[in-house]
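In what follows, a structure is listed as structure tokens, so that the remarks can point back to it.
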Number of protein chains: 2
Amino acid sequence: MRNTINIMKALADENRVRIVLALARGELCVCQITEMLELAPSTVSKHLSILKNAGLIKYRKDGRWIHYQLDESSKIPEVGSFLEWIIESLKDSEEVLNDFEKLKTIEKKSLSCVPNNKEER
Amino acid sequence: MRNTINIMKALADENRVRIVLALARGELCVCQITEMLELAPSTVSKHLSILKNAGLIKYRKDGRWIHYQLDESSKIPEVGSFLEWIIESLKDSEEVLNDFEKLKTIEKKSLSCVPNNKEER
DNA sequence: TCTATATTTCGCCACATAACGAAATATAAT
DNA sequence: ATTATATTTCGTTATGTGGCGAAATATAGA
């Protein structure tokens with residue numbers, strides 16, 4: 001039950017829900033999430049920490065950049081089916097579609113973490 | 001999205017999760033829920049109110065008694081599938097099984113709301 | 001090494017929340 | 001009508017939470 005409560009608590013915040021739905025679209029760097037949410041980097045870092053501790057997301061480092069993705073094969077059994085549920089529930093919601101549009105713009109920008117920007121360096 | 005966040009917030013509390021799982025077993029009266037949770041009646045009332053406002057439960061009055069049940073055909077679309085998910089996730093958890101045992105004892109007691117007790121009056 | 005940048009951690013603050021007891025409300029019994 | 005009982009609402013308190021800026025940590029570049 002602790003696992004389930006942790007998942008519920010992790011998702012009891014709109015910004016964290018938005019992060020999860022954005023990650024459902026594909027892996028993102030902290031800086032992209034920060035720009036999408038328009039929050040302080042420290043706030044975003046705290047949100048990501050909560051999601052990670054609930055077993056919902058995982059990360060990989062790439063130099064100074066940290067990329068997060070949904071942990072669909074989490075060692076916590078409930079996570080997989082829960083992510084299916086919430087993504088299905090919200091995939092067409094207005095806020096999520098707005099975030100997707102925003103992410104398209106963010107991905108076009110020359111953020112330092114963007115792969116093609118990196119390759120040109 | 002508002003609906004989903006409300007559901008997440010409603011379930012971000014262990015006692016409210018326990019209520020939902022107890023109601024999955026069948027309709028209960030406030031007094032039974034209160035005795036199961038071992039909380040003040042006013043606290044239980046507030047928890048039930050939150051669950052009701054999230055669209056997860058509904059009630060019927062029977063004189064002074066109020067019986068609550070899960071609202072599986074809630075007008076909020078996400079509720080049905082969400083309840084399926086959480087019941088499936090927690091049906092075998094220790095805390096929930098303990099509550100079921102407790103409820104068996106409570107149902108044997110002559111609480112004022114118990115139907116056969118009422119019939120004998 | 002020093003400087004720059006990305007991210008996390010820490011400390012603080014305003015607001016939210018769960019618990020309780022008291023009061024209010026609703027219903028039944030006498 | 002008064003008394004009893006079940007439940008809800010209100011007010012208070014202690015604890016939790018989301019946001020921010022500052023400091024710390026991690027990595028890259030000059």
Side-chain angles (χ1 to χ4, degrees), chain A residues 5-20 27-54 57-69 106 109-115 117-121, chain B residues 5-20 27-54 57-69 106 109-115 117-121:
Chain A
I5 303 284
N6 287 340
I7 291 168
M8 296 294 100
K9 283 180 188 287
L11 272 298
D13 174 73
E14 181 172 342
N15 287 316
R16 292 201 288 277
V17 171
R18 287 171 68 195
I19 291 172
V20 167
E27 185 185 73
L28 291 169
C29 172
V30 176
C31 61
Q32 292 172 312
I33 296 169
T34 301
E35 185 149 349
M36 177 188 88
L37 294 179
E38 294 177 47
L39 294 173
S42 60
T43 304
V44 173
S45 192
K46 204 198 271 173
H47 282 317
L48 290 169
S49 176
I50 290 164
L51 291 170
K52 184 181 52 162
N53 292 337
I57 60 175
K58 62 188 171 181
Y59 67 92
R60 65 175 178 93
K61 286 190 176 188
D62 180 17
R64 344 172 199 188
W65 295 280
I66 315 211
H67 300 265
Y68 283 85
Q69 54 185 303
I106 288 163
K109 274 168 86 170
S110 296
L111 287 187
S112 57
C113 68
V114 175
N117 196 32
K118 261 188 28 185
E119 276 157 7
E120 285 167 17
R121 253 181 335 189
Chain B
I5 303 285
N6 287 340
I7 293 169
M8 297 293 101
K9 282 180 189 284
L11 272 297
D13 174 75
E14 180 171 343
N15 287 317
R16 292 201 288 276
V17 171
R18 288 172 67 196
I19 292 173
V20 167
E27 183 185 73
L28 290 168
C29 174
V30 176
C31 62
Q32 292 172 311
I33 297 170
T34 300
E35 186 150 349
M36 176 188 90
L37 294 178
E38 294 177 47
L39 294 173
S42 59
T43 305
V44 173
S45 190
K46 201 196 269 168
H47 282 317
L48 290 168
S49 176
I50 290 164
L51 291 170
K52 185 181 52 168
N53 291 337
I57 63 175
K58 63 188 170 182
Y59 68 92
R60 64 175 179 94
K61 286 190 176 184
D62 179 18
R64 336 170 204 193
W65 295 280
I66 316 210
H67 300 264
Y68 282 84
Q69 55 187 299
I106 289 163
K109 272 166 88 168
S110 296
L111 286 188
S112 58
C113 68
V114 175
N117 196 31
K118 260 183 36 186
E119 275 159 5
E120 285 167 15
R121 254 178 335 187

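Please read all numbers here as calculations on a predicted model, not as lab measurements. Atoms considered below: every heavy atom in the structure, side chains included; atoms not considered: hydrogens, waters and symmetry mates. Convention: sequence-line order gives letters A, B, ...; per-chain numbering from 1.
Rounded to an integer number of Å, the gap from L37(A) CG to dG18(D) C1' is 12 Å. Atoms CG (L51(A)) and P (dG18(D)) sit 10 Å apart, rounded to a whole Å. Distance, D62(B) CG to dT5(D) C1': 14 Å, rounded to whole Å. Following rounding to the nearest Å, R18(A) (CZ) and dG18(D) (C1') show an atom-to-atom distance of 14 Å. Remark: C1' of dA6(C) and CZ of R60(A) are 15 Å apart, rounded to the nearest angstrom. Taking atom CD of residue Q32(A) and atom P of nucleotide dT5(C), one finds them 18 Å apart after rounding to whole Å. Taking atom NE2 of H67(B) as the reference point, atom P of dA6(D) lies 12 Å away to the nearest angstrom. Across the protein-nucleic acid pair, E35(B) atom CD and dT7(D) atom P stand 12 Å apart, rounded to whole Å.
Of all non-hydrogen atoms in N6(A) and A54(A), the two that sit nearest each other are O-CB, 3.9 Å. Minimum interatomic distance between C113(B) and H67(B) (heavy atoms only, all atoms of both residues): O-CE1, 4.3 Å. For the residue pair V44(B) and I33(B), the shortest heavy atom distance occurs at CG1-CG2, 3.9 Å. Nearest heavy atoms, E14(A) versus I5(B): CA-CD1, 3.6 Å.
When the side-chain nitrogen and oxygen atoms of K46(A) are compared with OP1 and OP2 of dG18(D), none of them lie within a distance under 4.0 Å. Considering only side-chain N and O atoms, H47(A) lies nowhere under 4.0 angstrom from the phosphate OP1 or OP2 of dT17(D). Neither OP1 nor OP2 of dG19(D) sits under 4.0 Å from any side-chain N or O of T43(A).
In this structure, the side chains of Q69(A) and K58(A) come closer than 4.5 Å at one or more pairs of heavy atoms.
Y68(B) comes within 4.0 angstrom of sugar-phosphate atoms only, judged by non-hydrogen atoms across all strands, and of no base.
Side-chain N or O atoms of D13(B) include one that pairs as donor or acceptor with a backbone N or O of R16(B) at under 3.5 Å. With hydrogens and angles ignored, the 3.5 Å screen pairs a side-chain donor or acceptor of T34(A) with a backbone N or O of V30(A). A distance-only check finds a donor-acceptor pair linking the side chain of Q32(A) to the backbone of C29(A) [under 3.5 Å]. Side-chain N or O atoms of K9(A) include one that pairs as donor or acceptor with a backbone N or O of A12(B) at under 3.5 Å.
Closest approach to the P41(B) side chain among dT8(C), dT8(D), dA4(C) is made by dT8(D) (side chain taken as heavy atoms from C-beta onward). Set against dA28(C), dA28(D), dA18(C), the side chain of R16(B) has dA18(C) as its closest nucleotide. The side chain of C29(B) approaches dT7(D) more closely than any other nucleotide in the set dT27(C), dT7(D), dC20(C). Of the candidates dT7(D), dA6(D), dG29(D), dA6(D) carries the atom nearest the R64(B) side chain, counting heavy atoms from C-beta on. Nearest to the side-chain atoms of W65(B) among the listed nucleotides dT7(D), dC20(D), dA6(C) stands dT7(D). Here dA26(C) is the nucleotide among dA26(C), dA19(C), dG19(D) with the atom lying nearest to any side-chain atom of K61(B). Closest approach to the L39(B) side chain among dC20(C), dA29(C), dG18(D) is made by dC20(C) (side chain taken as heavy atoms from C-beta onward).
Recorded end-axis angle for the helix from dT1(C)-dA30(D) to dT30(C)-dA1(D) stands at 10°, based on five pairs per end and rounded to 10 degrees.
Within residues 6-14 of chain B, the residues that have a heavy atom under 4.0 Å from DNA chain C are, in order of number, D13(B).
Between the side chain of S42(A) and the base of dG21(D) there is at least one donor-acceptor pair of N/O atoms closer than 3.5 Å.
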Run I66(A) and D62(A) through side-chain contact (heavy atoms from CB on, under 4.5 Å) and show every step you take. CA-CA 6 Å; I66(A) 315 211; D62(A) 180 17; over 6 Å; no
